[in-house]
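Written below as structure tokens is the structure these notes are about.
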Amino acid sequence: MESTYESTRRRQRCHGAWCKQLTYPEDLPQISVVFIFVNEALSVILRSVHSVVNHTPAHLLKEIILVDDNSDSVELKFNLDQYVNKRYPGLVKIVRNSKREGLIRARIHGWNAATAPVVGFFDAHVEFNTGWAEPILTRMKEDHTRIILPAIDNIKYNTFEVQQYANAAHGYNWGLWCMYIIPPQEWLDKGDETAPIRTPAMIGCSFVVDREYFGDIGLLDPGMEVYGGENIELGMRVWQCGGSMEVLPCARVAHIERTKKPYNNDIDYYAKRNALRAAEVWMDEYKSHVYMAWNIPMNNPGVDFGDVSERLALRKRLQCRSFRWYLEHVYPEMRIYNNTITYGEVRNSKASGYCLDQGSEDDDKAILYPCHGMSSQLARYSTEGLLQLGPLGSTTFLPDTKCLIDDGRGRTPSLKKCDAVSRISQRLWDFTQNGPIISRDTGRCLEVEMSKDANFGLRLVVQRCSGQKWMIRNWIKHPRH
Ligand code: UDP
Ligand code: MN
């Protein structure tokens, strides 16, 4: 994260002292703790189990549920059973999936086995800090429609050293990948390091719910596969359907951020597929943003996201609010691109197989490059006439996508921050599908020039229009209301 994040970190170093001053009621609800795992080291699972036993008051910890998502390794079968039953008789239930279900349904299986009024879901590579449970159960007791996230710290995967993270909310980009974001301004202004932080979604490795409420609002989407998207979908759903989600800075859990996953799936593909499910069910007219972010067409996206009819019926049954309401009230930091007309790869009839590309991020030059459909070749043409090139922007904490600019000097168009122009018209272009791209400032056209000394023999120029034609791949399809 960028600069303001640093100042947040400094201010929060002493949150521990603040938390110690809080007191909690005696009669708190009990919790079932669910760990899911696949091919995790036995020692790491046991570390998670010991840590939750050691740092949760015994009368509050009803049970621990270990969900084995069909691991391959033998030590996770007999050895694990034997160890936990001997060490913690009666406390630990083990659920074994007979086939690999993915993390979403693995958590649902854990929920099915849980009996306490509150259920916490965790990756099986975590450590719990002292006093993690009491603040959560207190907030839960006050209002069971809260989904509560411990603040996450990092366990370095190579040394197991715990690295404290600054307090953050959990946001995401339009591809529905999660990321830490700066807490809402109201929270920062309050200056209370113990106060809950409103969050639009969750990172996902650790969250606590009321068992019955979680069932009522539809658990996690069981149509999601393997990994990803479920954490964002739950954030959208709980807020849109009348509940809330918050991070509690005094409840801290550390999680190993690993660089390699012990399951061999193409995580990106499943994250994309699951993101499309969330988009189709919850995001109304904003769902186009997810297709844009992944640079795929809205018609025939080339991804089978399965049947979402039951999730749409759930949304109707729960009478949930619109995505627009959610953006305005819960995720106002998100940049919105509703003025997009066309997006995707941009091709010129003179250079078949080549696409407009943002090129190196360090310079301000757009280039032509063999088409590959990734986000460096995502263009967006808007109703105002902006032509933006590169990954779709997300929150206002991060830079927006750059604009193609004809500043009238020389023949090379530049790619710059959209407001880095002396006249607004320098960033505006006229374009209709299969027609020229014309600068509104100079009247020159964006064209391709054959040149021996340019990469691939192709140079992008602005020049007197010679009739070259461009195509931008995808149109926005607006959902019917
Ligand atoms: N997981 C699972 N089944 C799968 C994939 C993942 O049960 O098919 C579990 C995994 O063991 C872990 C959790 O889901 O407890 C989240 O996965 P991971 O830790 O790899 O994701 P990260 O925290 O790195 O985002
Ligand atoms: Mn994890």
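For ligands, and for the atoms within them, numbers begin at 1 and follow the listed sequence. Computed over heavy atoms, backbone and side chain alike; hydrogens, waters and symmetry mates excluded. Since the structure is predicted, the reported quantities are computational estimates derived from the model, not experimental observations.
- Between the S375 side chain and the L378 main chain, no donor and acceptor come within less than 3.5 Å of each other.
- Near A124, the atoms of ligand 1 lying under 4.0 angstrom from a non-hydrogen atom of the residue are 15 (O).
- Among the atoms of V38, some N or O lies under 3.5 angstrom from an N or O of ligand 1.
- Under the 3.5 Å distance criterion, the side-chain polar atoms of Y343 are left unmatched by any main-chain donor or acceptor of R473.
- The contact set between ligand 1 and R100, taken as ligand atoms under 4.0 Å from a residue heavy atom, comprises 8 (O).
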Inset, instruction - Applying salt bridge (charged side-chain N to carboxylate O under 4.0 Å, His left out), run through D69 and R107 and close with a yes or a no. - result: CA-CA 9 Å; D69 193 17; R107 289 211 176 106; over 6 Å; no

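- Scanning all protein heavy atoms for the shortest distance to atom 20 (O) of ligand 1 gives Y263 OH, 2.5 Å.
- Put simply, the angle at the Mn ion (ligand 2) from OD2 in D123 to NE2 in H125 is close to 100°, to the nearest 10°.
- Near D123, the atoms of ligand 1 lying under 4.0 angstrom from a non-hydrogen atom of the residue are 12 (C), 13 (C), 15 (O), 16 (C), 19 (O), 23 (O).
- Side chain of D284 to backbone of Y286: no donor-acceptor contact under 3.5 angstrom is found.
- Of all atoms in ligand 1, listed by their number and element, those nearer than 4.0 Å to a heavy atom of F37 are 11 (O).
- Taking the six-membered ring for Trp and thresholds of 30 and 60 degrees, Y180 and H170 have ring planes more than 60 degrees apart, a perpendicular arrangement.
- Under 4.0 angstrom from ligand 1, there are no non-hydrogen atoms of E101.
- Restricting H255 to its N/O/S atoms, the shortest distance to the Mn ion (ligand 2) is reached by NE2.
- Taking a cut-off of under 4.0 Å to the non-hydrogen atoms of H255, the atoms of ligand 1 that pass are 23 (O).
- Judged by distance alone, with hydrogens and angles left aside, the side-chain atoms of K190 form no donor-acceptor pair with the main-chain N or O of A195 at under 3.5 Å.
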